[in-house]
> 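Just dropping this structure here.
Whatever order the structure lists them in is the order used to number ligands and atoms, beginning at 1. Counting from 1, the numbers follow the sequence of the chain as shown.
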Amino acid sequence: MDTDTTSNDFSLPIDLPERHRLLVVDDDLAVRMVSRLALTKKGYGVTEASDGYTALSWMDSHKFDAILLDARMPGMDGFETCRKMRDKLNGEPVPIIMVTGQDDDASIDAAFECGATDFVVKPLNWRLISQRLESLIGAGTVKRHLKNRSHQISSMLKTSSETMLLLDGDGIIQGCHQIARMPIGFRSHMIVGNHFLKSLREDSAELILAAWMRAHKTGECESFIVEHLEGNECHTVQGRFVRGAEGEWLCLLQDQSDSFNCEQQTYDLTFKDPATGFGNEKQLFFELNQRLQENRKSHLQTAILRFSASDIRRFEPTIGREGMITIAQVIVERLEIGLASYLSTLAPEAKRPEQLIARLSESDFVVVLSAIDDLGFIEDLSNLLLRRLSTIVEIGDHICSIDWAVGIADTIEASSTADGLLSATAYAIYSDFGSSNGHRIHRYNAELRAKARQDIELERLLRRDIADGVLEMAYQPKFNLSNLSLIGMEALIRWNNAELGYVSPARFIPVAEKSGLIISLSHLVIEKVFGQLAAWRDDGFEMVPISINISGIHLNTRTIVEELGAGIQQRRIPPELVELEVTESIMVDGVGKAFKNLNDLRAMGIKVAIDDFGTGYSSLSYLKDLPADCLKIDRSFVQSITSDSTAEAIARAIITVGHDVNLHVIAEGVETEEQLNKLAELGCDSVQGFFTGRPVPSGEFVTFFQDGRLVG
Ligand code: C2E
Ligand code: CA
Ligand code: CA
């Protein structure tokens, strides 16, 4: 059957198709046979069912155009069957004619209630029935057609972004759609029953009326554009009149400023950092490339200042996402004001660079200065900006002190492409990796390039020596301060290279970390230390715990827990004889697997010490949450503990708070007796340093076992 749901006119199919499928449901065989004879003659294809169940199962496999249903049947009666049929038809307007025995009101009401379309009374008049069927099937087709059509119209309306007014021939609004898309003032009187021109400003009303008249005259689509002022915003509304059915008109309206806003939003989403409203990485690349191109033509230079706060995420657990957004806003604001104030100090006749501030990532902020003829001021400016950025940021009760590294690259020393310049700043910052804390500015230049070359060579040699097992361990004793007995030792790697001689771990560990070699180095260290531990135990020495320095990179791996677990099991090492020294930053980062791994390792019985304590984040408040057993006060405090009251105060605070949360506190880098005495006075638990024992090869360490306590 062709219901023609796709064409665009509203005409309805009038002719019935030749053969309608009819389902006759009656328990009386005679009635069914007569129905078949009578209705087949009238052109129907008849299917019979002797009860409700059979009828319902026919409906599963066949479609019918109408159903003739006996009301009184044994088992499931006609009313119940009708109800079930309606469920099955799920809104399809298939006519169901109920055949009742009695012409009583109750039966008729019941028939309609259960969803019958019509009813006929026995004995059956076949001429009447076929007429009735014909008209009902026709009506069903109409309904179906309208249903499809209204689906079509409503989905068309749903997807249309235009506002639509349905107007009668006089311009009275009959219906509205998407009216909320119009400016409030413009739509305020667009209510069903009003004339559409009501309340429009005179000049717009005039324009729209003219279009309306033209449309009426020609019968064609007529458009108009009017401006509508609302507050400070000017909206441009575009509209057209389109002739509808039966003398009705559609007025289609679109707020153009809306699509402009949409474009703006799309642009912002693509090119702006949502937190600060400044450009993001995409915009930075786009702008930078353009400026570089222009600068090349005019022989001018461009410099990039990249401010990186790689550990900024450590604040998130305490200040939350909103706090992080505020920090970012404060940072860009400081950069903006700093930049403006610096440029204001330039001589009036000096050429001002073009500037751009962008946020490259959560932690990296970039200032681009282009169209420069003299790069001389860049370092001055970087210093000024860094000073501004280094002031603490207060978020509620939290004081955030950000540790910045700055990378500078320019078109003379580094590169003339956006990517090249940004990579150079990354390299400059990267070169900072492993250097002591503090505020640092690195400019990409020949020296840095040279260091990069050295690093590459160092990496090559280190890789080879790790593979050959050339590296050795040294062990430095740790003593208890109360009775000066040996309580442990730290394993420290030693590298004597055939070409370079002795290379300090402070030099090659950062290279190993940058290159990823740190993992195989760490495996080597663990292997050597565990082997040594087992050997000493087998030699009958009374063992004390050995501390191993573990890089954050290794600690973040998925397998470290298994590795260490398997290692101690294989050699039957009591886990409490193994301690891992990790730096604070690893724990506070809150990213990666380090935290969980440390918890798992501690659950296994392995001890954890926080190394270089006090140099990192110096926040004592979170100490209780760290998965650690021991704090190592950094050498820098110990060095000046007898001469600098601040260092002493810090050491005292670390010891007090450490004890409050049940941590063992050890001081490292103890070089003099005075330092040792001061630490004892402050209540420190133990010490490690040149004064009590230098790091020595395993063979020499045996004397510490033999003495068992500090001698001399
Ligand atoms: P660290 O973990 O803070 O190790 C202590 C450093 O201080 C060692 O330097 C040690 O020799 C030195 N030291 C000990 N007592 C004194 C003292 O009284 N005065 C002075 N001035 N220094 C003292 P080393 O061996 O050069 O190691 C430097 C850093 O390299 C270590 O600092 C550690 O971060 C890293 N490192 C050393 N061995 C390993 C290792 O096996 N694996 C990893 N991942 N890092 C290691
Ligand atoms: Ca250490
Ligand atoms: Ca240390």
> Within the structure, does Arg635 bring an N/O atom to less than 3.5 angstrom of an N/O atom in ligand 1?
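So ligand 1 has an N or O lying under 3.5 Å from an N or O of Arg635.
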> Does Glu576 come within less than 4.0 Å of Lys607, counting only side-chain N to carboxylate O?
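Result for this pair is no, no salt bridge flagged.
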> Give me the nearest non-hydrogen protein atom to atom 38 (N) of ligand 1 as residue plus atom name, then the distance to 0.1 Å.
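Looking at atom 38 (N) of ligand 1, the protein heavy atom closest to it is Ile493 N, 3.1 Å.
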> To which protein heavy atom is atom 31 (C) of ligand 1 closest, and what is the distance rounded to 0.1 Å?
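Result for atom 31 (C) of ligand 1: Leu492 CD2, 4.4 Å.
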> State the atom name: nearest N, O or S atom of Asp611 to the Ca ion (ligand 3).
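It is OD1, the N, O or S atom of Asp611 closest to the Ca ion (ligand 3).
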> Of the side chain and backbone of Leu521, name the one, both, or neither that has a heavy atom under 4.0 Å from an atom of ligand 1.
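It is neither part, as no heavy atom is under 4.0 Å.
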> Is the Ca ion (ligand 2) less than 3.0 Å from at least one N/O/S atom of Asn549?
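An N, O or S atom of Asn549 is closer than 3.0 Å to the Ca ion (ligand 2), so yes.
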> Looking only at distances, please establish whether an N/O atom of ligand 1 is found under 3.5 Å from an N/O atom of Phe691.
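Min N/O separation from ligand 1 is not below 3.5 Å for Phe691.
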> Do Tyr502 and ligand 1 have an N or O pair less than 3.5 Å apart?
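Min N/O separation from ligand 1 is not below 3.5 Å for Tyr502.
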> Can Glu671 and Gln639 be counted as having a side-chain donor-acceptor contact under 3.5 angstrom?
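Note: Glu671 and Gln639 side chains miss the donor-acceptor criterion.
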> If we count only N and O atoms by modelled type, under 3.5 Å, do the side chains of Glu513 and Ser551 hold a donor and an acceptor together?
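Glu513 vs Ser551: donor-acceptor pair found between side chains.
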> Under 4.0 Å from atom 45 (N) of ligand 1, is there any protein heavy atom?
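For atom 45 (N) of ligand 1 the answer is yes, since some protein heavy atom falls inside 4.0 Å.
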> If the threshold is 4.0 Å, N to carboxylate O, is there a salt bridge linking Glu459 and Arg463?
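Salt bridge flag = yes for Arg463 with Glu459.
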> Can you tell me if Arg507 has over 12 outside heavy atoms packed within less than 6.0 Å of its CZ?
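More than 12 heavy atoms, drawn from other residues, nucleotides or ligands, come within 6.0 Å of this atom.
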> So, of the N/O/S atoms that Glu490 has, which is the nearest one to the Ca ion (ligand 2)?
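The Glu490 atom nearest to the Ca ion (ligand 2), restricting to N, O or S, is OE2.
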> Have Thr425 and Arg306 got a donor and an acceptor in their side chains that come within less than 3.5 Å?
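On atom types as modelled, these side chains qualify, holding a pair under 3.5 Å.
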> Can you confirm whether some protein heavy atom lies under 4.0 Å from atom 9 (O) of ligand 1, or whether none does?
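It does not: no protein heavy atom is found less than 4.0 Å away from atom 9 (O) of ligand 1.
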> To which protein heavy atom is atom 34 (O) of ligand 1 closest, and what is the distance rounded to 0.1 Å?
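It is Asn549 OD1, 4.7 Å.
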> Regarding Asp612 and Thr583, do their side chains bring together a donor and an acceptor under 3.5 Å, going by distance alone?
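On atom types as modelled, these side chains do not qualify, holding no pair under 3.5 Å.
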> Please state which protein non-hydrogen atom is closest to atom 19 (N) of ligand 1 and give its distance, to 0.1 Å?
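Looking at atom 19 (N) of ligand 1, the protein heavy atom closest to it is Glu671 OE2, 2.5 Å.
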> Going by a strict under-4.0 Å cutoff (protein heavy atoms only), does atom 13 (N) of ligand 1 have a neighbour on the protein?
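Protein heavy atom within 4.0 Å of atom 13 (N) of ligand 1: present.
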> Does Asp612 put an N, O or S atom under 3.0 Å from the Ca ion (ligand 2)?
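Looking at Asp612, which is the residue asked about, there is no N, O or S atom under 3.0 Å from the Ca ion (ligand 2).
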> So which protein heavy atom does atom 5 (C) of ligand 1 come closest to, and at what separation?
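That would be Glu668 OE1, 4.0 Å.
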> Decide, yes or no, whether a salt bridge links Glu581 with Lys478 under the criterion of side-chain N to carboxylate O below 4.0 Å.
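Yes, charged N to carboxylate O under 4.0 Å.
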> Under 4.0 Å between a side-chain nitrogen and a carboxylate oxygen: does that hold for Asp403 and Arg440?
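Answer for the salt bridge query: yes.
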> List every atom of ligand 1 that sits less than 4.0 Å from any heavy atom of Asp612, numbering the atoms from 1 in the order shown and giving each element.
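In order of number, 3 (O).
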> Can you confirm, on distance only, whether ligand 1 has an N/O atom lying under 3.5 Å from any N/O atom belonging to Glu581?
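In this structure, Glu581 places no N or O atom under 3.5 Å from an N or O of ligand 1.
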> Relative to the heavy atoms of Gln476, which atoms of ligand 1 are at a distance of less than 4.0 Å?
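Counting from 1, the qualifying ligand atoms are 14 (C), 15 (N).
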> May I ask you to check whether Glu668 brings an N, O or S atom to under 3.0 Å from the Ca ion (ligand 2)?
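No.
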> Can a side-chain donor-acceptor contact be found between Glu447 and His442 if the only test is distance below 3.5 angstrom?
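No - no donor-acceptor pair under 3.5 Å links their side chains.
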> Fit a plane to each ring of Phe701 and Phe704, take the angle between them on a 0 to 90° scale, and name the class: parallel (under 30°), tilted (30 to 60°) or perpendicular (over 60°).
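Aromatic pair Phe701/Phe704 classed tilted.
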> Check this for me, if you would: do Glu362 and Arg313 make a salt bridge, where the nitrogen-to-carboxylate-oxygen distance has to be below 4.0 angstrom?
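So Glu362 does not pair with Arg313 through a salt bridge.
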> With respect to Gln688, determine whether any N or O atom, backbone or side chain, lies less than 3.5 Å from an N or O atom of ligand 1.
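In this structure, Gln688 places no N or O atom under 3.5 Å from an N or O of ligand 1.
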> Would you say the side chains of Thr417 and Asp419 form a donor-acceptor pair under 3.5 Å?
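No - no donor-acceptor pair under 3.5 Å links their side chains.
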> In ligand 1, which numbered atoms sit nearer than 4.0 Å to a non-hydrogen atom of Pro695?
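In order of number, 11 (O).
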> For the Ca ion (ligand 2), find the closest N/O/S atom on Glu581 and give its atom name.
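Output for this pair reads OE1.
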> Between Lys632 and Glu490, does any NZ, NE, NH1 or NH2 come within less than 4.0 Å of an OD or OE carboxylate oxygen?
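Here Glu490 pairs with Lys632 in a salt bridge, since their nearest N and O are under 4.0 Å apart.
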> Does Gln639 come within less than 4.0 Å of ligand 1, judged by its heavy atoms?
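The answer is no, since Gln639 has no heavy atom less than 4.0 Å from ligand 1.
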> Taking 4.0 Å as the limit for heavy-atom contacts, which would you say applies to Ile509 with ligand 1: side chain only, backbone only, both, or neither?
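For Ile509, only side-chain atoms sit under 4.0 Å from ligand 1.
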> What protein heavy atom sits nearest atom 18 (O) of ligand 1, and how far off is it?
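Of every protein heavy atom, Phe690 N, 2.8 Å lies nearest to atom 18 (O) of ligand 1.
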> I'd like to check whether Val525 has a polar contact with ligand 1, where a contact means an N/O of the residue lying under 3.5 Å from an N/O of the ligand.
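For ligand 1, there is no N or O atom that lies under 3.5 Å from one belonging to Val525.
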> Give the numbers and elements of all ligand 1 atoms closer than 4.0 Å to a heavy atom of Pro505.
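Atoms satisfying the 4.0 Å criterion: 24 (P), 25 (O), 26 (O), 27 (O), 30 (O), 37 (C).
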> Distance only, no hydrogens: is a donor on one side chain within 3.5 Å (strictly under) of an acceptor on the other, for Ser698 and Gln532?
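Per modelled atom types, Ser698 and Gln532 side chains form a pair under 3.5 Å.
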> Can you tell me if Asn497 and Asp465 form a side-chain donor-acceptor pair at under 3.5 Å?
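Asn497 vs Asp465: donor-acceptor pair found between side chains.
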> Within less than 4.0 angstrom of ligand 1, does Arg494 place any heavy atom?
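Under 4.0 Å: yes for Arg494.
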> Is there a ring pair (Phe, Tyr, Trp, His ring centres under 6.0 Å) between His659 and His664? Walk through the geometry before answering.
CA-CA 7 Å; His659 285 166; His664 180 97; 8.1 Å; no
